[in-house]
Amino acid sequence: MTSPDTKPAAVSASPAPTTLTTPTDGPVRVAAVQMVSAPDVERNLREAGRLIAEAAQNGAQLVLLPEYFCYMGQRDTDKLALRETPGHGPIQDFLAETAHRHGVWLIGGTLPLAAPEPERVLNTTLVFGPDGTLAARYDKIHLFNFVKGEEAYDEARTIRPGDAVRTFEAPFGRVGLSVCYDLRFPELYRAMGDCTLMVVPAAFTYTTGRAHWELLLRARAVENQCYVLASAQGGHHENGRRTWGHSMLIDPWGDIVAQRQAEGAGVVIGDIDPARLAAVRQSLPAWRHRVLQG
């Protein structure tokens, strides 16, 4: 029998077109929220609410929270006590109510949802529309494993991997969903098809982020000829962990539109420009020149 941990990823219900399309409306303002989350859900939700409000006040129509925005525990197992069932729980209620209050598309970083086995959870991204209704769900597929010196991480111990690629349709185009370590697997982003925007909520370590964060984000934008919005944890956490930060928005040519250089909480805001998207795709139509498609 095939293990659920090794089951191949399924593509979302939205079919991937064979040619790129380009939205025709004007620029859309988006925001990436950077946080330094603590082992205190209520405090994290207050901070996230403050930063989402700041983004909305500055005209953002879509706001992305970082991975683990709601909780960074002292131990990996701490998140098991916070697991919610789909559709029920204070973290999900916060996301729905906040999206509705500000009238934005809110991509809720990740939160722990119940998995079939009691010793693990799903690390899940939930998307809420401006009316506060659930628009999409993505369970993180690739689980981080890294050992270097005193640093050691193995997400598979407490997280069950997802098995399906997910996108959703926003008024300005298709949005592809991914989380943190997914960034190292380009085949995931190819499977999303024609996207206007791909998002990456993350909690990259300082070590791996300094080496590869910007490099990988810009590569995903260039090879898929779309915008990439990345929202990160960034700073020294109360549990002793240090994350890289550098939340950013990248355009289809690989240029950085906006970036947070400093550690600490903040908001990165920039525009998705359909004219820029069209110009890049017309001048160098690499996406539709693909020969090997699988």
Participant: Once rounded to the nearest 0.5 Å, what's the spacing between atom OG1 of Thr98 and atom NE2 of His100?
Facilitator: 11.5 Å
Participant: In terms of hydrophobic clusters joined by side-chain contacts under 4.5 Å, are Val257 and Val267 together?
Facilitator: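 They do not share one cluster, since no chain of ILVMFWY contacts under 4.5 Å joins Val257 to Val267.
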Participant: Same hydrophobic cluster for Val63 and Ile269, using side-chain heavy-atom links shorter than 4.5 Å among ILVMFWY?
Facilitator: yes
Participant: Salt bridge check: are Asp194 and Arg281 linked by an N-O gap of less than 4.0 Å?
Facilitator: yes
Participant: Determine whether Thr205 and Phe144 satisfy the following criterion, side-chain contact (heavy atoms from CB on, under 4.5 Å), listing intermediate values before the conclusion.
Facilitator: CA-CA 11 Å; Thr205 69; Phe144 185 51; 4.0 Å; yes
Participant: Any cation-pi pair here, Arg290 with Trp287, using under 6.0 Å and within 45°?
Facilitator: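 Yes, Arg290 lies over the aromatic ring of Trp287.
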Participant: Scan side-chain atoms only and decide if Asp76 and Thr158 contain a donor-acceptor pair under the 3.5 Å cut-off.
Facilitator: no
Participant: Just list the side-chain donor-acceptor pairs under 3.5 Å for residues 102-114, sequence neighbours left out, or say none.
Facilitator:
unit_1 : atom_1 : unit_2 : atom_2 : d
Thr110 : OG1    : Tyr68  : N      : 2.9
Thr110 : OG1    : Asn123 : OD1    : 2.9

Participant: Hey, what do you get for OH (Tyr181) to OG1 (Thr208), rounding to the nearest 0.5 Å?
Facilitator: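 That separation rounds to 10.0 Å.
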Participant: Are Phe204 and Trp244 an aromatic pair, judged by ring center distance below 6.0 Å?
Facilitator: no
Participant: Just checking, is any N or O donor in the side chain of His246 or Arg210 under 3.5 Å from an acceptor N or O on the other one?
Facilitator: no
Participant: Would a single hydrophobic cluster contain both Tyr206 and Trp213, if residues Ile, Leu, Val, Met, Phe, Trp and Tyr are joined by side-chain heavy-atom contacts under 4.5 Å?
Facilitator: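 Linked within one cluster.
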